[in-house]
Amino acid sequence: MGKRVALVLGSGGARGYAHVGVIEEIEARGYEIACIAGCSMGAVIGGIQAAGKLDEYRQWIESLDYLDVLRLLDLSFSLGAIRGDKVFGRIRDIVGEIAIEDLPIPFTAVATDLTNHQEVWFQEGCLHQAMRASAAIPSLFTPVVQGNRMLVDGGLLNPLPIVPVVSSHSDLIIAVNLNATNHRQYPLPVIERPPAAKGRLDLMVDSLSAHLPFWRREAEVEAGLLADQAALGHDQPPAAPEGPRSAPRSAEGSQVIDATGPASLLELVNQSFEAMQTSLAQYKIAGYPPDVLVNVPRRACRFFEFYKAQELIQLGRIIASDTLDRYEAER
């Protein structure tokens, strides 16, 4: 092909891992990624790709199981449940210290300035700080303070930042929307893993419960489910417990959000945030339609299921393959 692509990577929590699979499929078809704009997890994946470190990052996230993710939670008593120093410290180790203007691929990270109620585009300066600010999910990660500005997740105002790449000298714009509602078509792939160790999980649950009481119920449920699954030779915790609060699945296998409501304050905030992002993304797509729109189902996984990297990367590649097949067939 040889076509130059302006790539837009949207926000969506753990579903952002699907961006990795999308990028792999784009490059496998011979497209050249000429520039990238990203928001939240899209900014993290996009920044790592622009720095040429995506393979190393993928190896790391695919090695993380449920317990590894819990160990990365550095609890905060400030304006977010997690400081994020452990997670972003590891990303810093992978990417290194580099300025955005020195990246081999032009890159824009979008954050939200709460102080001035406006978008902030990072197109120069410290890449690490730009990614950290863009991915400061309200209620989950603590904000980034820069001068007199308090910066949080860019998805608050622009979950799919197409505008930064509109003027780029590219052959086409490919946008990846992580808040799509086409959930019937793509269930999350199933990947077998070894069973988790319940004793180690119990220690994590006790730690979380002591500092974050509103996580107690969910953490205890997950602990019990993991123990049951370990006895059966599985390790993946289901989306929710059996009984009145169970999360049913559609005939196609994709998760359906529990109609009885969220199980914790954190989940309540994140579901509200996702509902807003879904609506905003549609406005952005309507205002600046990309040449190719890769729609990743919003219900593929919950916002904070960061232990499902392998499944989500595979899902991203499957959806990108189908989408690009349709695009290329029309050309």
Side-chain angles (χ1 to χ4, degrees), residues 1-12 16-58 91 94-112 119-135 153-155 157-178 280-281 284-285 287-296 316-317 319-320 323-324 327-328 331:
M1 288 292 178
K3 288 188 175 181
R4 289 167 54 83
V5 169
L7 183 61
V8 180
L9 304 178
S11 64
Y17 286 148
H19 290 319
V20 178
V22 173
I23 290 171
E24 290 178 349
E25 184 63 24
I26 289 172
E27 292 185 328
R29 290 175 180 247
Y31 293 96
E32 176 191 354
I33 298 176
C35 64
I36 303 172
C39 174
S40 194
M41 272 294 285
V44 173
I45 303 298
I48 293 170
Q49 167 68 11
K53 298 293 185 178
L54 194 62
D55 288 343
E56 187 176 346
Y57 176 75
R58 175 177 179 164
I91 293 174
I94 292 172
V95 175
E97 296 289 347
I98 186 169
I100 295 174
E101 59 267 30
D102 295 330
L103 293 171
I105 299 176
F107 172 68
T108 302
V110 176
T112 297
E119 286 183 37
V120 176
W121 292 6
F122 287 94
Q123 296 178 319
E124 60 182 18
C126 176
L127 173 63
H128 178 80
Q129 186 177 49
M131 293 190 295
R132 176 67 181 83
S134 181
D153 196 307
L157 293 178
N158 192 352
L160 195 62
I162 300 173
V163 175
V165 304
V166 167
S167 62
S168 67
H169 300 292
S170 302
D171 297 308
L172 71 159
I173 296 174
I174 298 179
V176 186
N177 175 26
L178 300 180
L280 283 174
K284 299 300 181 182
I285 293 166
Y288 295 91
D291 299 290
V292 179
L293 179 62
V294 180
N295 277 317
V296 176
R317 184 147 194 177
I319 298 175
T323 305
L324 289 171
Y327 169 77
E328 292 169 1
R331 292 298 179 269

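If you're wondering where the values come from, they're calculated on a predicted model, not measured in any experiment.
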- [ ] Of all the heavy-atom pairs spanning G12 and L178, show the shortest one and how long it is.
- [x] N-CD1, 3.8 Å

Open item on the list: Just checking Y288: does its OH atom have more than 12 heavy atoms from other residues, nucleotides or ligands closer to it than 6.0 angstrom?
Closed with: no

Task: Atom CG of D291: over 12 foreign heavy atoms under 6.0 Å - done: yes

Open item on the list: Looking at S134 and S40, would you say the former's side chain and the latter's main chain have a donor-acceptor pair under 3.5 Å?
Closed with: yes

Open item on the list: When you compare the side chain of L280 with that of L157, does any pair of heavy atoms fall below 4.5 Å?
Closed with: no

Open item on the list: Within the structure provided, determine whether N158 and K284 are in side-chain contact (heavy-atom separation under 4.5 Å).
Closed with: yes

Open item on the list: Closer than 3.5 angstrom, by distance alone: can the side chain of T108 be matched with the main-chain N or O of Q123 as a donor-acceptor pair?
Closed with: no

- [ ] Looking only at non-hydrogen atoms, find the nearest pair between I162 and I285 and report the distance.
- [x] CD1-CA, 4.3 Å

Task: Residues I23, L9; criterion side-chain contact (heavy atoms from CB on, under 4.5 Å); working and verdict - done: CA-CA 10 Å; I23 290 171; L9 304 178; 4.2 Å; yes

- [ ] Drop me the distance from S167's OG to H169's NE2, to the nearest 0.5 angstrom.
- [x] 7.5 Å

Open item on the list: Please give me the minimum heavy-atom distance between A50 and F107, naming the atom from each residue.
Closed with: CB-CB, 4.1 Å

Task: Nearest heavy-atom neighbours spanning V165 and A6 - done: CB-CB, 3.8 Å

Task: Heavy-atom check, side chain of P161 versus side chain of V8, under 4.5 Å - done: yes

TODO: Give a yes or no on whether E32 atom CD has more than 12 heavy-atom contacts from other residues, nucleotides or ligands under 6.0 Å away.
DONE: yes

Task: Considering all heavy atoms, the nearest E328-R29 contact - done: OE1-NH1, 2.9 Å

Task: Distance in Å, E25 CD paired with I174 CD1, rounded so as to fall on 0.5 Å steps - done: 10.0 Å

Task: Heavy-atom donor-acceptor pair, E119 side chain to A111 backbone, under 3.5 Å - done: no

Open item on the list: With rounding to the nearest 0.5 angstrom, report the CG to CD1 distance, L7 to I33.
Closed with: 5.0 Å

TODO: Kindly say whether D153 contributes a backbone atom to a donor-acceptor pair with the side chain of T112 at under 3.5 angstrom?
DONE: yes

- [ ] Please examine the side chains of T323 and L293, heavy atoms only from C-beta on, and report whether any two atoms are closer than 4.5 Å.
- [x] no

Open item on the list: Please check this pair: side chain of N177 against backbone of N295, looking for a donor-acceptor N/O pair closer than 3.5 Å.
Closed with: no

- [ ] Measure the shortest side-chain to side-chain distance between L103 and I98 over non-hydrogen atoms and say whether it is less than 4.5 angstrom.
- [x] yes

TODO: Starting at CD1 of I94, measure out to CZ of R58 and round the result to the nearest 0.5 Å.
DONE: 13.5 Å

Task: Gap separating the CE atom of M41 from the CE atom of M131, nearest 0.5 angstrom - done: 11.0 Å

Open item on the list: Taking G10's backbone N and O only, do any of them form a donor-acceptor pair with H19's side chain (distance below 3.5 Å, no angle check)?
Closed with: yes

- [ ] Evaluate the side-chain proximity of Y57 to I45: yes if any heavy-atom separation is below 4.5 Å, no if none is.
- [x] yes

- [ ] Drop me the distance from I105's CD1 to I36's CD1, to the nearest 0.5 angstrom.
- [x] 4.5 Å

